[in-house]
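Not measured: the values here are computed from a predicted model.
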Amino acid sequence: MAKTEIILTHNIVGLGGESDHVKVAAGYARNYLFPQGLAVPLTGANKRRLEVLRQRRAEREAHELNAMTELSKSLAKLTCLIAIKTGEDGKMFGTVTAGMIADQLKTQFEVILDKRKIHLEHPIRTLGDHEVELRLHSDVTTNLKVHVESTTPAPVPAAAPAAEARKDDQRTEKRGRRPEAAPQPTADAGEKVVRAARPEKAPRAEKAPRTEKAPRTEKAAKEPKSAKEGKSPKSE
């Protein structure tokens with residue numbers, strides 16, 4: 001594959017910084033670096049731009065150093081919280097990786113940090129507090145506190161159900177005493193009294209005054225008299 005020499009005009013991770021002379025594939029330079037303005041061909045005219053590129057690179061690196069120094073002071077005061085599922089024995093399902101820490105820094109503190117700057121000798125596999133090294137710059141390193149906690153609810157102690165059962169028993173006992181406060185015998189006696197009082201409906205018998213229709217009887221009584229009176233003339 002044909003190679004070509006170029007001068008980088010911008011910092012490219014994994015390739016170099018401004019003013020660096022590098023060799024790359026001719027197709028990569030022609031199709032990507034040159035159109036994007038990230039590099040220029042190595043020519044006599046372009047070599048004159050090296051001093052300007054070096055000065056711009058020095059300013060950029062100084063700015064990055066100051067920014068990373070301030071960031072390291074802020075991160076050293078923070079505690080990044082990582083929540084992860086665990087089993088009943090407290091063992092974690094999975095591990096905490098640099099990518100997870102980078103995501104939580106962005107979510108919790110709005111700090112955008114390349115996960116490659118988070119140095120873990122091995123993934124975190126236990127709950128609790130951990131210190132993670134951050135390599136923010138070639139000249140700036142700091143430690144970040146990471147607290148790993150479980151999202152699985154803690155098991156309920158065996159003694160707790162017994163205590164709750166006792167409370168329920170006490171509540172049911174209290175509820176059972178309430179009917180005793182309202183004496184049912186009096187209510188029953190009252191019902192008996194009411195039932196006994198029902199015979200007082202005897203006023204229906206008061207309809208007997210219908211006997212006041214005695215005038216009919218009087219007429220009936222008068223009829224015999226007239227009959228007798230009628231018979232008396234015959235006898236005469």
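Counting non-hydrogen atoms of other residues, nucleotides and ligands closer than 6.0 Å to CD of Q36 gives a total above 12.
Using a cut-off of 4.0 Å between Lys/Arg side-chain N and Asp/Glu carboxylate O, E133 and R135 are scored as salt-bridged.
Residues V40 and L8 are not in side-chain contact: their nearest non-hydrogen atoms beyond the backbone lie 4.5 Å or more apart. D129 has its side chain out of reach of V146: every pair of non-hydrogen atoms, C-beta onward, lies at least 4.5 Å apart. The closest side-chain heavy-atom distance from N143 to V132 is not below 4.5 Å.
Criterion: ILVMFWY side-chain heavy atoms under 4.5 Å apart, direct or through other members. Under it, M92 and L81 are not part of a common hydrophobic cluster. Under the 4.5 Å side-chain heavy-atom criterion for Ile, Leu, Val, Met, Phe, Trp and Tyr, L78 and I82 are members of the same hydrophobic cluster. Linking Ile, Leu, Val, Met, Phe, Trp and Tyr whenever their side-chain heavy atoms come within less than 4.5 Å leaves L38 and L53 in two separate clusters. Two different hydrophobic clusters hold F34 and I7 under the rule that ILVMFWY side chains link at heavy-atom gaps under 4.5 Å. The cluster map of Ile, Leu, Val, Met, Phe, Trp and Tyr, joined by side-chain heavy atoms under 4.5 Å apart, puts L113 and F109 in the same cluster.
Note that OG1 of T79 is 12.5 Å distant from NE2 of H130, once rounded to the nearest 0.5 Å. For the atom pair CD (E18) and CG (L50), the distance works out to 12.0 Å, reported to the nearest 0.5 Å. To the nearest 0.5 Å, the span separating OG on S138 from CE on M68 amounts to 11.5 Å. Here the OG1-CG distance, from T86 to L127, works out to 6.0 Å after rounding to the nearest 0.5 Å. Distance check, rounded to the nearest 0.5 Å: CG of L75 to CG of L105 gives 6.5 Å. If you take CG on L42 and CD1 on I6, they are separated by 9.5 Å, rounding to the nearest 0.5 Å.
For the 3.5 Å distance criterion, the side chains of T142 and S72 fail to qualify, holding no donor opposite an acceptor.
Contacts classified as salt bridge (charged side-chain N to carboxylate O under 4.0 Å, His left out) and involving residues 108-117 (residues at least two apart or in different chains) are given here: D114-R116. Screening residues 31-56 for salt bridge (charged side-chain N to carboxylate O under 4.0 Å, His left out) gives no qualifying pairs among residues at least two apart or on separate chains.
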Stepwise side-chain contact (heavy atoms from CB on, under 4.5 Å) check, L120 with V96 | CA-CA 10 Å; L120 287 176; V96 177; 5.8 Å; no
Where do T151 and I84 land on the side-chain contact (heavy atoms from CB on, under 4.5 Å) test, with the steps shown first?
-> CA-CA 6 Å; T151 59; I84 194 168; 6.0 Å; no
Residue pair V111, L71: steps toward the side-chain contact (heavy atoms from CB on, under 4.5 Å) verdict = CA-CA 9 Å; V111 175; L71 181 60; 4.0 Å; yes
Would I118 and T97 satisfy side-chain contact (heavy atoms from CB on, under 4.5 Å), going step by step from the backbone distance to the final call?
-> CA-CA 9 Å; I118 301 174; T97 63; over 6 Å; no
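Counting all heavy atoms, side chain and backbone alike, C80 lies closest to Q104 at SG-CB, 3.5 Å. Taking all atoms of both residues into account, the shortest heavy-atom contact from A29 to P35 is O-CD, 3.9 Å.
Without hydrogens or angle criteria, N66 side chain to H63 main chain gives no donor-acceptor distance under 3.5 Å. The closest donor-acceptor contact from the side chain of D20 to the backbone of G16 lies at 3.5 Å or more, if one exists at all. Remark: the backbone N or O of G17 is not paired with any side-chain donor or acceptor of H10 at under 3.5 angstrom. No side-chain donor-acceptor contact under 3.5 Å links R125 to the backbone of T95.
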